Asker: 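Could you have a look at this structure, given as structure tokens, before my questions?
Hydrogens, waters and symmetry mates play no part in the numbers below; they use all other heavy atoms, side chains included. Everything numeric here is computed off the predicted structure, so don't read it as measured data.
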Amino acid sequence: MMSDPAVPRPPKKIHGARLPHLLRVRSDRIPMNGGTAKAAMTFRAGAPVVVSEPGLLIGADVGGTGIKAVLADPDGTVHARIARPTAAEGSPYATLVHVLDTLAGEALDAGQPLSGIGAAVPGIVDRHTGTVVRATNLDWHELELTHRLRHRYAVPVTVDHDARAAADAEWAARAAVGEQVEDAAFVPIGTGIAAALRIGGRTVTGARCAAGEFGHVVVVAGGEPCTCGGHGCLEAYASASAIGRRYERAGGRRLPDAAVVAQSISSDPVAARVWVEAVDALARGLVGLIALSDPELVVIGGGLSSAGAVLLNPLRSRVAAQLPWRRPPRIEQSLTGPEAGQLGALLLAGARRTPEPVVRSLRV
């Protein structure tokens, strides 16, 4: 099991008030099955704080580049947001704890209990135990994330794959506008690429909770190396990080966002070539996914979805050209956009009981 990484001290002040350092937790009071039993947190300075329903929820979207989190009511009323580069505190785990400590301090400042935490994490995630089996972009291996966070905060914690969590938010957003989706795929494209498959109204997790590692489908035989250790993976060509890296390596300038490559394709031949290669790779991957799972809808999410028609129009054409034997599914941009991971994590935290109002509220 992964050794315990260094955890930073919480920030000294939040809105002028000192945030007590979370140290000792009465583990006998921790709800271990996702319930809402009362729990108590013991702080170094001050009496125990009893945490019970109702209270505030934290949803954290843990990405390879950044960690974004939101503190909200179960009805979606936002109290605070925070975003940090993943390695800002020295390691992804330390940064995650810094983010959660900050939002827990906001809850204390507001005089409200914290009643749940949800974390959406990339890689292979055992949703039953809350263990991150492997997250290459975070260098996490067999990390018992749910256990650690429950021990630190003494509230129910739910951890799941980021694509599955984001997809839950997407389906809730579509239900909020009257669209019920039974068979679909949600494909977020950011630092990595994944896919959440929904078949017959149920999310596919796989025998080892590893379903959806779409980014590691090989689309170029013997192609570029991937962070997974393989070669020619979709993620090495069409992820936002890969597009930026390949553009710079081909002679382009360093860009702050891969979406800028998309905006430059009409005037920059290097950007145009890299973009075409990325769209071609994504289309090849989607053709296989469509042939196997027969979705009625493919939703493109993540940061790269902000490219809009520049991505979707050529992608639709290339997918259709490679499926001459059948009608292709609809390929659409995500309704939840870059916030899908946070929304999905918030649903994991406990807002799942009323997902549509939460998604509608946070998207306003």
Asker: With side chains defined as the heavy atoms from C-beta onward, is the minimum distance between Leu297 and Arg174 less than 4.5 Å?
Answerer: yes
Asker: Less than 4.5 Å apart, side chain to side chain, heavy atoms only: is that true for Ile300 and Phe186?
Answerer: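 No - every pair of side-chain heavy atoms lies 4.5 Å or more apart.
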Asker: Minimum heavy-atom separation for Pro328 and Ala320, please, with both atom names.
Answerer: CG-CB, 4.0 Å
Asker: Roughly how far, to the nearest 0.5 Å, is CD1 of Ile67 from CD of Gln342?
Answerer: 11.5 Å
Asker: Looking at Arg327 and Glu296, is any side-chain nitrogen of the basic one under 4.0 Å from a carboxylate oxygen of the acidic one?
Answerer: no
Asker: CH2/Trp171 to CD/Glu182 distance, rounded to the nearest 0.5 angstrom?
Answerer: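 Between atom CH2 of Trp171 and atom CD of Glu182 there are 11.0 Å.
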Asker: Ignoring hydrogens and geometry beyond distance, is a side-chain donor-acceptor pair present between Tyr237 and Asp280 at under 3.5 Å?
Answerer: no
Asker: Can a donor-acceptor pair be found, under 3.5 Å and without considering hydrogens, that links the side chain of Ser91 to the backbone of Ala87?
Answerer: no
Asker: When you check the gap from the basic side-chain N to the acidic O, do Asp183 and Arg198 get nearer than 4.0 Å?
Answerer: no
Asker: Main chain of Ile290, side chain of Ser293: is a donor-acceptor contact present, judged purely on distance under 3.5 Å?
Answerer: no
Asker: Taking it one step at a time, do Val220 and Arg284 satisfy side-chain contact (heavy atoms from CB on, under 4.5 Å)?
Answerer: CA-CA 9 Å; Val220 179; Arg284 286 195 294 274; 3.5 Å; yes
Asker: For residues Ala60 and Leu100, report the shortest heavy-atom separation together with the two atoms involved.
Answerer: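 Looking at all heavy atoms of both residues, the shortest contact is CB-CD2, 4.3 Å.
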Asker: Any idea which heavy atoms bring Ala340 and Ala169 closest together, and the distance?
Answerer: O-CB, 3.8 Å
Asker: Donor-acceptor pair, distance only, cut-off 3.5 Å: does the side chain of Glu235 make one with the backbone of Ile193?
Answerer: yes
Asker: Mind running side chain to side chain donor-acceptor pair (under 3.5 Å) on Thr191 and Thr65 for me, showing each step along the way?
Answerer: CA-CA 6 Å; Thr191 304; Thr65 302; 2.5 Å; yes
Asker: Do Val319 and Leu282 sit in one hydrophobic cluster, given that two such residues count as connected whenever their side-chain heavy atoms are within less than 4.5 Å of each other, even indirectly?
Answerer: yes
Asker: Going hydrophobic residue to hydrophobic residue with side-chain gaps under 4.5 angstrom, can you get from Val298 over to Val181?
Answerer: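 In one cluster with Val298: Val181, no.
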Asker: Just so I know, are the side chains of Asp162 and Val62 near enough to count as touching, which here means a heavy-atom distance under 4.5 Å?
Answerer: no
Asker: Please check: side-chain N/O of Asp73 versus main-chain N/O of Asp75, any donor-acceptor pairing under 3.5 Å?
Answerer: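 No: the side chain of Asp73 does not pair with the backbone of Asp75.
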Asker: Taking all non-hydrogen atoms of both residues into account, name the closest pair between Leu197 and Ala185 and its distance.
Answerer: CD2-CB, 3.8 Å
Asker: Kindly work out whether a path of hydrophobic side-chain contacts (I/L/V/M/F/W/Y, heavy atoms less than 4.5 Å apart) joins Val276 to Leu286.
Answerer: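 No, no single cluster joins them.
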Asker: Does NZ or CZ of Arg148 lie under 6.0 Å from the centre of the six-membered ring of Tyr153, at an angle within 45° of the ring axis?
Answerer: no
Asker: Check this for me: does any side-chain nitrogen of one of Glu332 and Arg316 sit under 4.0 Å from a carboxylate oxygen of the other?
Answerer: no
Asker: Run the side-chain contact (heavy atoms from CB on, under 4.5 Å) check on Thr131 and Leu143 step by step: do they pass?
Answerer: CA-CA 5 Å; Thr131 299; Leu143 176 64; 5.8 Å; no
Asker: Would you mind checking if Arg208 and Asp126 are paired as a salt bridge, meaning a charged N to carboxylate O distance below 4.0 Å?
Answerer: no
Asker: Test Lys68 against Val99 for side-chain contact (heavy atoms from CB on, under 4.5 Å), laying out the working first.
Answerer: CA-CA 8 Å; Lys68 300 178 291 184; Val99 166; over 6 Å; no
Asker: What closest approach, in Å, do Ser115 and Leu57 show between heavy atoms, and which atom pair accounts for it?
Answerer: OG-CD2, 3.4 Å
Asker: Do Thr205 and Arg164 have side chains that approach each other closer than 4.5 Å (heavy atoms only, starting at C-beta)?
Answerer: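 Contact flag for Thr205/Arg164 side chains = yes.
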Asker: What distance separates Gln333 CD from Leu311 CG, expressed to the nearest 0.5 Å?
Answerer: 8.5 Å
Asker: Cluster question for you: counting only ILVMFWY and a side-chain heavy-atom cut-off of under 4.5 Å, with indirect links fine, are Val218 and Val287 together?
Answerer: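 No: no chain of side-chain contacts under 4.5 Å links Val218 to Val287.
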Asker: Are Leu323 and Phe214 connected, step by step, through hydrophobic side chains (Ile, Leu, Val, Met, Phe, Trp, Tyr) whose heavy atoms are closer than 4.5 Å?
Answerer: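 Yes; tracing contacts between hydrophobic side chains, which count when under 4.5 Å, links both residues.
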Asker: May I ask you to decide whether Arg246 forms a salt bridge with Glu277, counting only side-chain N to carboxylate O separations under 4.0 Å?
Answerer: yes
Asker: Counting only N and O atoms by type, is there a donor-acceptor contact under 3.5 Å from the side chain of Thr158 to the main-chain atoms of Gly118?
Answerer: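 Flag not set: sc Thr158 to bb Gly118 has no pair under 3.5 Å.
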Asker: Would you tell me whether Glu170 and Thr336 have side-chain atoms, one donor and one acceptor, within less than 3.5 Å of each other?
Answerer: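 Present: a donor and an acceptor within the cut-off.
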Asker: Measuring only between side-chain heavy atoms, which start at C-beta, is Val133 closer than 4.5 Å to Trp140?
Answerer: no
Asker: Looking only at non-hydrogen atoms, find the nearest pair between Gly337 and Ser334 and report the distance.
Answerer: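 Looks like N-OG, 3.1 Å.
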Asker: Any chance you could measure Thr227, atom OG1, to Asp139, atom CG, to the nearest 0.5 Å?
Answerer: 11.0 Å
Asker: Kindly compute the distance separating CG (Leu71) from CD (Glu106), expressed to the nearest 0.5 Å.
Answerer: 7.0 Å
Asker: Are Arg245 and Glu224 close enough, and set up right, to give a salt bridge (charged side-chain N to carboxylate O under 4.0 Å, His left out), and what steps lead you there?
Answerer: CA-CA 12 Å; Arg245 181 177 62 251; Glu224 294 198 15; 5.1 Å; no
Asker: His161 and Glu213: side chain to side chain donor-acceptor pair (under 3.5 Å), yes or no, with the steps?
Answerer: CA-CA 10 Å; His161 191 277; Glu213 288 302 308; 3.0 Å; yes
Asker: Against Val157, only a single residue in Leu348, Thr146, Ile58 fulfils side-chain contact (heavy atoms from CB on, under 4.5 Å); can you say which?
Answerer: Thr146
Asker: Checking Val132 against Tyr93 for the side-chain contact (heavy atoms from CB on, under 4.5 Å) test, could you report, in this order, the C-alpha distance in whole Å, the side-chain angles of both residues, the deciding distance, and whether it holds?
Answerer: CA-CA 12 Å; Val132 182; Tyr93 181 76; over 6 Å; no
Asker: With a 3.5 Å distance limit and no angle check, can you tell me whether Thr95 reaches the backbone of Glu89 through a side-chain donor-acceptor pair?
Answerer: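 Yes; at least one donor-acceptor contact below 3.5 Å.
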Asker: Could you check whether any side-chain heavy atom of Gln263 comes within less than 4.5 Å of a side-chain heavy atom of Val310, counting everything from C-beta outward?
Answerer: no
Asker: Determine, for Arg330 against Glu179, whether the closest basic-nitrogen to carboxylate-oxygen distance falls under 4.0 angstrom.
Answerer: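 Yes, this pair counts.
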Asker: How long is the span from the CG atom in Asn137 to the OG atom in Ser241, to the nearest 0.5 Å?
Answerer: 7.0 Å
